[in-house]
Number of protein chains: 2
Amino acid sequence: MATIYQVSELAGVSLATVSRVMNNNAKVSDKTKQKVLDAMAQLGYQPNSIAQSLASNRSNSVGVLVSELHGPFFGDMMSAIEETLRYEGKHTIITSGHSDEKREKESIEFLIGRKCDALILHAEAVSDEYLLELEQRGIEFVLINRYIESLKNRCICLDNRQGGYLATQHLLNLGHRQLVYVSGPLWKQDAQARLTGHKQALNEANIAFTQAQLFEGDYRQDSGCKGLDYFLERGQKFTAIVCANDEMASGVMSRARQLGIVVPDELSIVGFDNIIYASYLYPTLTTIDYPIYDMGKMAAYSILKTVYNKKDVQVTPVFVPKLKVRNSSIQHT
Amino acid sequence: MATIYQVSELAGVSLATVSRVMNNNAKVSDKTKQKVLDAMAQLGYQPNSIAQSLASNRSNSVGVLVSELHGPFFGDMMSAIEETLRYEGKHTIITSGHSDEKREKESIEFLIGRKCDALILHAEAVSDEYLLELEQRGIEFVLINRYIESLKNRCICLDNRQGGYLATQHLLNLGHRQLVYVSGPLWKQDAQARLTGHKQALNEANIAFTQAQLFEGDYRQDSGCKGLDYFLERGQKFTAIVCANDEMASGVMSRARQLGIVVPDELSIVGFDNIIYASYLYPTLTTIDYPIYDMGKMAAYSILKTVYNKKDVQVTPVFVPKLKVRNSSIQHT
DNA sequence: GCTATAAATGAAAGCGCTTACATTTTTACT
DNA sequence: AGTAAAAATGTAAGCGCTTTCATTTATAGC
């Protein structure tokens, strides 16, 4: 692999000049520039970005932490970020934390060690203190789907509470009075907030919420199935079921079908996230739109603005959840 | 951020010794080792992996190229690879090529520039010659879902032709005689192979295949919808439809429902890939199992074996597609 | 206790770049 | 043409680590 040294030799200039034309951050006469470019082309020169990073303490790459590398939610988030950054010539390094504190930390430290210029974190398990410490250390980062008051200018958030509220309100408006709720893992901030919204809507309608109406799932399809079974086994009466995400909702739907329960006639279902599959399910799923793609984009923009000094971008950190009514929920008769 | 120099100073030893205990690749007396470890802990030392890479020409990271960062197929592939490698202390850097030659090349060169120890490529658009050239350059890599004869020991493949054959054979066995086919983009090797398998099965059953029975989609849901419309508009008669992947199959299914066509009673559908959603669709989708998760794992194992000298792994590069019969296909009466 | 050998440690030269500073060349003006 | 300032280029010192080779220290055998 050709190095900058060989280029400089072939072009008959110094290392510094070659470096200058590469980064084009200083004036080089057109003539020498051409000589250098020719030499590069001739040698098939590719700068060694590791060496560049070490020398410049800059990597032109931003690190991303997601919980999982699969699934529609994170898929869209990663796509949005990568597209936006690549368009500006920045690279994306992705790691996963599996919602586990140790692994999230490891991943973050790895990204820092890789000299990422900034991080975009979907950090669920790591403590607020750790994130504050990151700020102390001077690490540039942005948080997706996590709100910390003292870090609020770094948070790209959706109002999950409001989303939970909307979902439940929708069912109440349809006349449902007996609801059950399949939540996400309650140690997660978003799962808590969504549940809080649910309770709030119930409360405003003067409907009591008891522990018996709650099943704590894990955001995966299978726990939707389990949740439905759980309520059924216990003889819980309900005409509608609110799920804290679409994947669990699709699990509920699929299990209901196995059991001969007709959706939405006998059971209304509402999800959360509006993942791509929500509109391909049968019946199509009523859900809360989580604009994760746009939020990913926004996170990237925010980095471009603060770290890479791109001026002409507008950063709006607050996103509003919207109800998306489809066919899985109908009037209770 | 503490550097190795400060550690060596605090521990009262040389740089070399600190490096030795970090990599523990040379004997260091227990006493000094402890001094160094203490110093590291005290300073919260984290090695700068950029510097490590530059010095050692090794990065302990492997680069992955996928077509898209979203979607169930690539999600599973990335997860499998990352999990396997992380378990061995290796890191994963992921890039996407969007099935575009220029972007695939860019991504590959980026990964090489980042001094990845090896690459795992789902390269669709790049030429065979380019891949051969990579080998010439001494780049370590493995190909997923692409077969090149002279690189066969680097290919982790599924027999797509055989998969296409099985899908169609299944429908023929069910008595269907009028089939149509929604293919993937035909410039892609896998789309071609699947179609070839389809034709072969038809041929063995003495059924002619005409251009009118083919719609070229793009592997996305929406082109399933478009495909169904296409055949319908043209007045094509068919009792079953073979789709080159599950996403298009789910598009067909969803469009059929909109049009009041009952699946499977009036139309049998078979997909390909067996993505997670296939079993959550209604009706559940008959498909060909593509063990992408296992193939991802295998790709990672192969790298562990050849590049990181992990001995106790068995690499089986050939995977066999299997028919997964569910409810979207039934006997033709 | 003394030497021969092995084990542990240190010194220093890179890895391929960037960049502050020094030097040379060009340009503009009198 | 001669000078001062500006522009272009070169020199060389790092960035934080690994690794070869040299040196020192410990171990064992007599």
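The analysis underlying the following values was restricted to heavy atoms, covering all of them including side chains, and did not include hydrogens, waters or symmetry mates. Lettering follows sequence order; numbering is per chain, from 1.
For A:Asp117 (side chain) and A:Ser59 (main-chain N/O), a donor-acceptor pair under 3.5 Å exists by modelled atom type. A distance-only check finds a donor-acceptor pair linking the side chain of A:Lys305 to the backbone of A:Val313 [under 3.5 Å].
Using a 30° and 60° split on the angle between ring planes, A:Phe73 and A:His122 fall in the perpendicular class, above 60°.
For the pair B:Asn57 CG and C:dC17 C1', the computed distance is 14 Å after rounding to whole Å. Straight-line distance from the CD atom of A:Glu9 to the P atom of D:dG10: 13 Å, rounded to whole Å. Between the CG atom of A:Asn24 and the C1' atom of D:dA8 there is a distance of 15 Å, rounded to whole Å. Note: NZ (A:Lys31) to P (C:dT25) measures 12 Å, nearest angstrom.
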Item checked: Annotated protein contacts, base or backbone, on nucleotides 13-24 of chain D with a non-hydrogen cut-off under 4.0 Å, one of B, S, - each -> -BBBBSBB----
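Considering only side-chain N and O atoms, B:Thr32 lies nowhere under 4.0 angstrom from the phosphate OP1 or OP2 of C:dA8.
More than 12 heavy-atom neighbours from other residues, nucleotides or ligands sit within 6.0 angstrom of CZ on A:Arg103.
Contacts of B:Ser8 classified as side-chain hydrogen bond (donor to acceptor under 3.5 Å, both in side chains), with partners at least two apart in sequence or in another chain: none.
With hydrogens and angles left out, the side-chain atoms of B:Thr92 and B:Glu82 include no donor and acceptor closer than 3.5 Å.
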